[in-house]
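For this chain, numbers begin at 1 and follow the sequence in order. Note that the structure is predicted; figures quoted are calculated from it, not measured.
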Amino acid sequence: EVQLVESGGNLVQAGGTLRLSCAASGFRFDDLAIGWFRQAPGKEREGVSVMRISTGDTYYAHSVEGRFTISSDNAKNTVYLQMNSLTPEDTAVYYCAADYLTGGRDGLLLHHYYDYWGQGTQVTVSS
């Protein structure tokens with residue numbers, strides 16, 4: 001059985017930091033595109049950052065470039081999202097998603113290509 005389990009969401013003040021974790025099980029981890037999507041109330045789910053494990057390539061939404069960093073611990077089948085300089089606009093439920101995908105930034109940041117999702121973790125940034 002495949003599973004993605006997120007953790008690390010919290011309430012933080014603007015300018016603060018958080019690190020999200022996503023533990024994957026049941027997958028061929030090295031073959032995954034895996035990353036983070038978020039959904040704020042009343043908004044469409046959007047891609048935040050994705051990593052192709054086999055190549056180490058990383059992709060970011062323009063809104064988080066320079067502030068967020070995605071990384072992986074392949075020995076633990078875990079992906080992290082380090083979020084710095086958080087703003088209230090980053091408030092959302094953050095979901096980990098994974099699938100056996102190739103391609104570039106524009107495709108990999110589209111949520112509808114992913115079949116496997118975690119339950120989500122709430123990130124709230126207060127002003």
If we only count heavy atoms from C-beta on, is the [X] to [Y] side-chain gap below 4.5 Å?
X     : Y     : value
Asp31 : Phe29 : no
Arg45 : Val93 : no
Met83 : Thr17 : no

Could you pull out the closest heavy-atom pair between [X] and [Y], with the gap in Å?
X      : Y      : result
Leu101 : Arg52  : O-NE, 4.0 Å
Leu18  : Gly8   : CD2-O, 3.8 Å
Cys22  : Leu4   : SG-CD2, 3.9 Å
Gly103 : Leu108 : O-CD1, 3.5 Å
Lys43  : Gln39  : O-NE2, 3.1 Å
Leu20  : Trp36  : CB-CH2, 3.6 Å

Selection residues 86-98 - residue pairs positive for salt bridge (charged side-chain N to carboxylate O under 4.0 Å, His left out), sequence neighbours left out: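 For residues 86-98: Arg38-Asp90, Arg67-Asp90.
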Interatomic distance, [X] atom [atom1] to [Y] atom [atom2] [nearest 0.5 angstrom]:
X     : Y     : atom1 : atom2 : answer
Phe68 : Leu81 : CZ    : CG    : 6.0 Å
Asn77 : Arg28 : CG    : CZ    : 12.5 Å
Asp99 : Leu32 : CG    : CG    : 8.0 Å
Ile34 : Ile70 : CD1   : CD1   : 7.5 Å
Lys76 : Ser21 : NZ    : OG    : 9.0 Å
Thr69 : Asn84 : OG1   : CG    : 6.5 Å

Before you tell me yes or no, could you show the steps for Gln119 and Glu6 under side-chain contact (heavy atoms from CB on, under 4.5 Å), namely the whole-Å CA-CA distance, both residues' side-chain angles and the distance that decides it to 0.1 Å? CA-CA 7 Å; Gln119 80 285 356; Glu6 303 106 328; 2.7 Å; yes
Give the intermediate values and the outcome of side-chain contact (heavy atoms from CB on, under 4.5 Å) for residues Asp57 and Met51. CA-CA 6 Å; Asp57 291 336; Met51 171 182 277; over 6 Å; no
Flag this pair as yes if the NZ/CZ of Arg19 is under 6.0 angstrom from the six-membered ring centre of Tyr80 and inside a 45 degree cone about the axis; otherwise no.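 Yes; both conditions hold, so Arg19 lies above the ring face of Tyr80.
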What pairs meet the ring-ring contact (aromatic ring centres under 6.0 Å, His included) rule with one or both residues in residues 92-127, with sequence neighbours excluded?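 Every ring-ring contact (aromatic ring centres under 6.0 Å, His included) pair that includes a residue of residues 92-127, provided the two are not neighbours, is Phe27-Tyr116, Phe37-Tyr114, Phe37-Trp117.
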So does Gly9 get a backbone contact from the side chain of Thr121, meaning a donor-acceptor N/O pair under 3.5 Å?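 Yes.
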Check for me, please, whether Leu110 and Val79 land in the same ILVMFWY cluster - side-chain distances under 4.5 Å, paths through other members count.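 No, Leu110 does not connect to Val79 through the hydrophobic network.
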If you look only at pairs with a residue in residues 33-95, which of them pass as a disulfide bond (SG atoms under 2.5 Å apart), with sequence neighbours excluded?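 Applying disulfide bond (SG atoms under 2.5 Å apart) to every pair that reaches into residues 33-95, excluding sequence neighbours, yields nothing.
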Show the numbers, then the answer: is there a side-chain contact (heavy atoms from CB on, under 4.5 Å) between Ser72 and Ile53? CA-CA 8 Å; Ser72 69; Ile53 299 299; 4.0 Å; yes
